[in-house]
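Worth saying up front: this structure is predicted, and the values here are computed from it rather than measured.
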Amino acid sequence: MDHAEENEILAASQRYYVERPIFSHPVLQERLHKKDKISDSIGDKLKQAFTCTPKKIRNIIYMFLPITKWLPAYKFKEYVLGDLVSGISTGVLQLPQGPFAVISLMIGGVAVRLVPDDIVIPGGVNATNGTEARDALRVKVAMSVTLLSGIIQFCLGVCRFGFVAIYLTEPLVRGFTTAAAVHVFTSMLKYLFGVKTKRYSGIFSVVYSTVAVLQNVKNLNVCSLGVGLMVFGLLLGGKEFNERFKEKLPAPIPLEFFAVVMGTGISAGFNLKESYDMDVVGTLPLGLLPPANPDTSLFHLVYVDAIAIAIVGFSVTISMAKTLANKHGYQVDGNQELIALGLCNSIGSLFQTFSISCSLSRSLVQEGTGGKTQLAGCLASLMILLVILATGFLFESLPQAVLSAIVIVNLKGMFMQFSDLPFFWRTSKIELTIWLTTFVSSLFLGLDYGLITAVIIALLTVIYRTQSPSYKVLGQLPDTDVYIDIDAYEENSLRLLAKTFTLLNLGLLQLLPAFQEPTNITSLHSTWTACSSQSEGQPPLPVFFSLFVKEIPGIKIFQINAPIYYANSDLYSSALKRKTGVNPAVIMGARRKAMKKYAKEVGNANVANANVVKVDAEVDGEDATKPEEEDDEVKYPPIVIKSTLPEELQRFMPPGDNVHTIILDFTQVNFIDSVGVKTLAGIVKEYGDVGIYVYLAGCSAQVVNDLTQNRFFENPALKELLFHSIHDAVLGSRLREALAEQEASAPAPQEDSEPNATPATPEA
């Protein structure tokens, strides 16, 4: 016997015993002393919100200037080398790649939509002037979008809307970024093949771009394709080398930097632009552009795009931040991220910059090369500033095919997210649906409309989960307070017995008589002990017996794993009747038919009519539902109407379970609204009219509060239906039935004889 089996047997042989009363809700509340909640007035809340304390000032400073928190705690000897190597590596990677591709693509789509290539520029003397004027207009559009998206992000951060990140689930983000990678890939194809095509944006732009490249593939530039494929192979092989020897290398080899240097040198040395008509980067103006006011008159044309860019930029940033935070054990504040993005975009737009966001590839490079703090990012930014101010002219001969190959290779990580599909297929079809719908909608509708569609689909899946939850009928592990789904576990004694005898090496017939009556635990235990004595080291009875899941006779336990509200309350009531097989309407109809058959047999139609009318009055009469007032005391009708059919009528009733209690397991119900309360009240009355009690078990404090506020306990007797746990409800039901049986079997009290009556003299 191995160690795992020994631990299993040891755990199964342990016992714990708890002795306590049966806790219904009233009994439990009597033993508890609830705290009195004192809510602050609006004035106190406003005073507390606007009170200035040193702690509050410090937190505000940390929020807007986080450098004041991490810089004083900077561990120079421990962090400086990693930050330096990481900053240089990230800065080198930033030079050829530029800003985050997804955001750049979204802003470029807006600019191309409002200022297309074939636009007529007033005052354009020649093609060069027209192109420069067109590009200047596109810069204005980009500035307006960046400013507006920054304002949106800053306002959301100040208003504490960082929680919206929870609606961007991981399948949604991964499906969206995969679609964005496809958009970037298709936009790079024309540079890789060296063909001239029209730019497309909006719905089906990825299809139009791909078709345009394929239609012009006969005009491809062989030199551009050759250079691009060469760089492509170099980068793939180099990245594989970096990955395989990353533990031995002090820092990853800056492959992108070498590709840029080699591509620029070869292009300039062989004059590829003139000799082979290869597209190159061209003139790069040095220095920073002077500040300019963004054109606010464009806001009404770009506000939808600005909202999408603000949300996409934040979602990508917070997703990567959470990934690294989980890896290194720190917390991320979504509101702080929004404020930071908003300030960068708002201020940066004044200097004619694009909207910023988090780059997935460069963030991973910075973390993988040893970066510990924001100092690595500062160093990378300084390298970019150096290129802008002084060394930009060195990259004028850089082929566009080299840049396209670098971008495509760095999209490899996003394309690897297609491997999510088999994983979600095995784990969750709903998350697979979110991934696929996000990918398809973002791919064909565009990133902006695709994101909106994806968020709507994700929210609809939440509604679907709550509207179509799983319903279970629970059974008990005998002699325990554990209740589990009877459909998930078999209760076939012979099957379990056969499995167990693989351990005993005994004949099946030795234990078979004990299973002719499965509830005879004593007989089973005796036979098991006798068999175990013939073989040493066999598992004790609990290991075997814990495999049984049995329904309790006369009791149905029904469980839902979702809140009960307007969207699923009717479905809950229907599922209760379907899963338990106990339908009050069917029971009432069966009773009426039995009365009619009995009346027909005895030949007295008046009996049938009288009995049917009596049953109808008990169920549908107004007097059975309305409380009565007597002597200033409100008297409510009984919750359960116990119908006592004559014994001669029982033979006319269809065979079925004699269910006397329905227990509703509310342990997984986190709230119930007014519609759900009304449905629950209807369930209690409907089953009560046919003599079946409905108990509520495991209600949370929130659910009890919801029931109270919606006047479910207007009849105080309904509080007796609440129990602390399923086992409390089961024991309470058994106790109630035992008392009722004892009362029914007790002899009826004899009436006292009259005082002046003369006793009869018995005849001789």
Who pairs with [X] by ring pair (Phe, Tyr, Trp, His ring centres under 6.0 Å), at least two apart in sequence or on another chain?
X      : result
Phe204 : none
Phe418 : Trp435, Phe439
Phe241 : Phe245

Closest contact, heavy atoms only, [X] versus [Y]:
X      : Y      : value
Arg465 : Ser428 : NH2-OG, 3.9 Å
Asp295 : Ser144 : O-OG, 2.8 Å
Gly263 : Pro399 : O-CD, 3.5 Å
Asn221 : Gly194 : CB-O, 3.8 Å
Phe354 : Thr146 : C-OG1, 3.6 Å
Ala181 : Leu411 : O-CD1, 3.6 Å

Does the side chain of [Y] come within less than 4.5 Å of [X]'s, by heavy atoms?
X      : Y      : result
Leu421 : Leu436 : yes
Phe193 : Asn219 : no
Val139 : Met143 : yes
Thr438 : Ile457 : no
Val217 : Val195 : no
Leu379 : Leu84  : yes
Met188 : Tyr191 : yes
Leu114 : Val302 : yes

Partners meeting salt bridge (Lys or Arg N to Asp or Glu O under 4.0 Å) with Glu240 (sequence neighbours left out): Arg244
Which residue pairs satisfy the salt bridge (Lys or Arg N to Asp or Glu O under 4.0 Å) criterion with at least one member in [range], sequence neighbours excluded?
range            : result
residues 161-170 : none
residues 297-319 : Arg113-Asp305
residues 417-428 : Arg174-Asp420

Residues Val332, Glu337; criterion side chain to side chain contact (heavy atoms under 4.5 Å, CB included); working and verdict: CA-CA 8 Å; Val332 176; Glu337 298 295 327; 4.1 Å; yes
Hey, is [atom1] on [X] packed in by over 12 heavy atoms from elsewhere, all under 6.0 Å?
X      : atom1 : answer
Trp70  : CH2   : yes
Phe415 : CZ    : yes
Tyr79  : OH    : yes
Tyr303 : OH    : no
Phe161 : CZ    : no

Expected output: side-chain Asn345 to main-chain Ser355 donor-acceptor under 3.5 Å: no
[atom1]/[X] to [atom2]/[Y] distance, rounded to the nearest 0.5 angstrom?
X      : Y      : atom1 : atom2 : value
Ser315 : Leu451 : OG    : CG    : 6.0 Å
Phe424 : Ser419 : CZ    : OG    : 9.5 Å
Leu298 : Lys140 : CG    : NZ    : 8.5 Å
Ser349 : Asn293 : OG    : CG    : 9.5 Å
Leu338 : Ile152 : CG    : CD1   : 11.0 Å
Ile434 : Thr169 : CD1   : OG1   : 4.5 Å

Verdict with supporting geometry, Ser205 and His183, side chain to side chain contact (heavy atoms under 4.5 Å, CB included): CA-CA 9 Å; Ser205 60; His183 276 277; 3.9 Å; yes
Side chain to side chain donor-acceptor pair (under 3.5 Å) involving [X] - partner list, sequence neighbours excluded:
X      : value
Tyr74  : Asp83
His300 : none
Lys196 : Asp279
Glu243 : Lys246

Which donor-acceptor pairs under 3.5 Å do side chains of residues 264-278 form with protein atoms, sequence neighbours excluded?
unit_1	atom_1	unit_2	atom_2	d
Thr264	OG1	Val260	O	2.7
Ser267	OG	Ser397	O	2.7
Ser275	OG	Asn271	O	3.0

Any side-chain donor near an acceptor of the partner, Thr178 and Gln417, under 3.5 Å: yes
